[in-house]
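In what follows, a single structure is set out as structure tokens and then discussed.
Model, not experiment: these values are computed from the prediction. Counting starts at 1 for both ligands and their atoms, following the listed order. The residues of the chain are indexed from 1 along the displayed sequence.
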Amino acid sequence: MAYLRLDRLLGNICCLNRNDADKAIRRARVTLNGQVVRTPNTKVDTECDCVTLDGCELVIRERIYIMMNKPEGVVCSSDGKEKSVYDILPENMRRKELFTVGRLDKDTTGLVIITDDGNFVHNAASPKRKVSKQYIATLVEPLTDEMAEKWRSGMTLADGDVVSPAEVELLSSDRLKVKITIHEGKYHQIKRMAGAVSNRIVTLKRVAIGEILLDDSLEVGECRYLTETEEKVYN
Ligand code: URA
């Protein structure tokens, strides 16, 4: 059995400092196996005890994997300069060391996977694996057959960067809404691909990373843990 003090556990899992963890416990915000506990040094069995903070169960396990439906206006970096995906995680999902699988731009929405498992990130983001990333884009100009063909055959961007062939599917009869699947993750890739065919992206939403699909029951800004099957995809 592995035991940990309750205040330390809150520190590890919820990123609360010692003082805030103590306060949360003394203010009866924390329960252990259904009972409110008010003593910070209470021992928790990390293998079988159930701890809640403000009624939300804390996931006491070595690694966590979170799916977020990212809203516009938050970044995927954690340099503290701008509001990030980590800032909008529910308190019970926070950890000290979290990473995203690749990054979305501030104005891009949709699927972001957040984890503290470096191996998972490596496996999902490794260029060697060529994991597919699927996006729904709306465009300023209708996508002509010539534009689609350039995306499908791979192309050289304005700065000389070469992008591999993408899969392209028109989703609306006005040719403004498209599904694009790429197998790499270059900086601003979709926007640059649009620019390279004299078009422009109005909205961009990621809907899949390989076999992991954005859960359409998640409202914008909401999160859930990955299922065991989803976790196994890159483990
Ligand atoms: N391509 C982009 O241009 N932006 C993103 O956020 C993701 C892919």
The single option from Ser84, Cys76, Ser77 that satisfies side chain to side chain contact (heavy atoms under 4.5 Å, CB included) with Thr100 is Cys76
Protein residue, atom and distance nearest to atom 1 (N) of ligand 1, heavy-atom basis | Ile190 N, 3.1 Å
Between Tyr65 and Tyr225, is the gap from one ring center to the other below 6.0 Å?
-> no
Compute the minimum heavy-atom distance from Tyr187 to ligand 1 and say whether it is under 4.0 Å.
-> no
Pairing residues for Asn33 by the side-chain contact (heavy atoms from CB on, under 4.5 Å) criterion, not counting sequence neighbours | Asp49, Cys50
Check: Asn41/Thr39 side-chain N/O donor and acceptor closer than 3.5 Å = no
If you draw a 6.0 Å radius around CZ in Arg200, do more than 12 non-hydrogen atoms from other residues or ligands fall strictly inside?
-> no
Would you check whether His188 has a nitrogen or oxygen atom less than 3.5 angstrom from a nitrogen or oxygen atom of ligand 1?
-> yes
Counting only heavy atoms not in Glu231, do more than 12 fall under 6.0 Å of its CD?
-> yes
Output yes when the distance from some N or O of ligand 1 to some N or O of Lys191 is under 3.5 Å, and no in every other case.
-> yes
Among protein heavy atoms, which lies nearest atom 4 (N) of ligand 1, and at what distance?
-> Asp105 OD2, 2.7 Å
For ligand 1, which atoms have a heavy atom of Gln189 less than 4.0 angstrom away?
-> 1 (N), 2 (C), 3 (O)
Looking just at side-chain N and O atoms, do Asp117 and Thr115 make a donor-acceptor pair shorter than 3.5 Å?
-> no
Atoms of ligand 1 under 4.0 Å from any heavy atom of Thr108, numbered from 1 in the order shown, are 4 (N), 5 (C), 6 (O)
Counting only heavy atoms, which portion of Leu204 has something under 4.0 Å from ligand 1: side chain, backbone, both, or neither?
-> side chain
Counting each atom of ligand 1 from 1 as listed, which ones have a heavy atom of Tyr135 under 4.0 Å away?
-> 7 (C), 8 (C)
